[in-house]
Amino acid sequence: MSLNSTAFSHPPCFLLAGIPGLEEEQFWIAFPFCIMYGIALLGNLTLLLVIRAEPTLHEPMFLFVAMLAFTDLVISTSTLPKMLGIFWLDWREIGFASCLTQMFFIHTFATVESGVLVAMAVDRYVAICCPLWHSSILSGRVVGALGSLVLGRGVLLVAPTCLLLHRRHFCQPLILDSYCEHMALVKLVCGDTRVNVIYALFVTFVVGGMDLVLISVSYTLILREVSRLPSQEARTKTFSTCISHLCVLLAFYTPLLFTIFTFPFGQDIPQHVHILVANLYLLVPPTLNPIVYGVRTKKLWDRVVILFQHKGTCPLSVP
């Protein structure tokens, strides 16, 4: 099918180009991407199974880790199988409805992940600053309500972007990069796209701006409380409970902020660098999060070790 400049209300499909400028290397780039996706699947599924099966892990921190693991599974699975199909099998076409669906899941669950990270920062604040009230403030019902709130926020904020695009006409060459991203689709729209751009900036401010402010406030209060502890050992031990969360924050927000700030100011950065960072933004957090929490959280690591020991034990029949 020829994708020319004819106007389409609902184009039959888009073409996914992959990583322009690295067409020769795409086949080999797919191997580390595939390995990272395998680690993300194995790690996050393991976390979900262990937390679900072990009643002693039904605490706020581990319930938020389970939410994070589920979110990471959705984000990585929404993009990586199709991306590998482009790199290895040259499966470049994606239907209009499939493209909007992929965009919805990517942006919705990226928003959910940001909200879960805020909830985890609040959990660390309550655990350190109000330890005696932790279980009553963050009860199972409250944790469930927070999870529903961040999911509802993601759906309510992202759904209008899909509805706005659904009503638009597309007339430029219908070519995207590795996956269906909102601003990339807006660039293909004919006519005035100010409403789409303004709404996208509003969502970015609400999600990125407000979430980073809330996380910063939480850690400011945590640092103030930790600084009041009598000994260096006590301060180090208390703050070490936040290290896993801080690592996850860096893995999630660093490529996101790079993408946001280089969009208006990074014209000198090669296009393939932008695309690679955007791809890694969807893959690095799902890969690193289960490793960070599985290795650094002793209680969780012990349960994972016990699970695999049981899996590896084969009962022998004695004659």
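Here, residue 1 is the first one in the sequence, and each next residue gets the next number.
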Arg153 and Asp211 ion-paired at < 4.0 Å: yes

Kindly determine whether Phe109 and Val116 satisfy side-chain contact (heavy atoms from CB on, under 4.5 Å), including the steps that lead there. CA-CA 10 Å; Phe109 281 89; Val116 172; over 6 Å; no

Distance-minimising heavy-atom pair for [X] and [Y]:
X      : Y      : value
Cys129 : Glu225 : SG-CB, 3.6 Å
Ala17  : Ile175 : CB-CG2, 3.9 Å
Ile19  : Ser178 : CG1-OG, 4.0 Å

Between [X] (side chain only) and [Y] (backbone N and O only), is there a donor and an acceptor less than 3.5 Å apart?
X      : Y      : answer
His58  : Ile51  : yes
Thr77  : Val74  : no
Glu113 : Leu68  : no
Gln102 : Cys180 : yes
Thr254 : Ala251 : no
Ser76  : Leu73  : yes
Arg168 : Val189 : no
Arg235 : Leu229 : yes
Asp72  : Asn289 : no

Between [X] and [Y], does any side-chain donor sit less than 3.5 Å from a side-chain acceptor?
X      : Y      : answer
Tyr179 : Ser78  : no
Asp123 : His134 : yes
Glu233 : Ser231 : no
Thr236 : Gln232 : yes
Tyr219 : His245 : yes

Going by the angle between their ring planes, with limits at 30° and 60°, are Tyr281 and Phe252 parallel, tilted or perpendicular?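 Tyr281 vs Phe252 ring planes: tilted.
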
Mind telling me whether Phe27 and Phe31 have parallel, tilted or perpendicular rings, with 30° and 60° as the class edges?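 Because their plane-to-plane angle is over 60°, the rings of Phe31 and Phe27 count as perpendicular.
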
Considering only residues two or more places apart or on different chains, which pairs with a residue in residues 26-53 satisfy salt bridge (charged side-chain N to carboxylate O under 4.0 Å, His left out)? none

Take atom CH2 in Trp91; do more than 12 heavy atoms of anything else shown fall under 6.0 Å from it? no

A side-chain contact here means heavy atoms from C-beta on lying under 4.5 Å apart; do [X] and [Y] qualify?
X      : Y      : answer
Phe70  : Asn44  : no
Ser139 : Val142 : yes
Val126 : Trp133 : no
Ile128 : Leu221 : no
Met120 : Ile215 : no
Thr111 : Val155 : no
Phe64  : Met67  : yes
Tyr253 : Leu117 : yes

Go through Ser148 and Leu151 one step at a time and tell me if the side-chain contact (heavy atoms from CB on, under 4.5 Å) criterion holds. CA-CA 5 Å; Ser148 300; Leu151 177 59; 5.8 Å; no

To the nearest 0.5 Å, what is the distance between [atom1] on [X] and [atom2] on [Y]?
X      : Y      : atom1 : atom2 : result
Ile222 : Arg124 : CD1   : CZ    : 7.5 Å
Glu181 : Ile106 : CD    : CD1   : 8.0 Å
Leu165 : Leu185 : CG    : CG    : 5.5 Å
Tyr293 : Cys247 : OH    : SG    : 9.0 Å
Leu42  : Ile291 : CG    : CD1   : 9.5 Å
Leu176 : Met103 : CG    : CE    : 11.0 Å

Hydrophobic cluster membership, [X] vs [Y], 4.5 Å side-chain cutoff:
X      : Y      : value
Phe170 : Leu164 : no
Leu223 : Leu214 : yes
Leu201 : Leu212 : yes
Trp28  : Tyr37  : yes
Phe62  : Ile137 : yes

Taking it one step at a time, do Asn279 and Leu283 satisfy side-chain contact (heavy atoms from CB on, under 4.5 Å)? CA-CA 7 Å; Asn279 291 342; Leu283 187 56; over 6 Å; no

Please assess Phe14 against Glu93 for the test side-chain contact (heavy atoms from CB on, under 4.5 Å), listing each intermediate value before the final yes or no. CA-CA 6 Å; Phe14 296 96; Glu93 290 192 359; over 6 Å; no

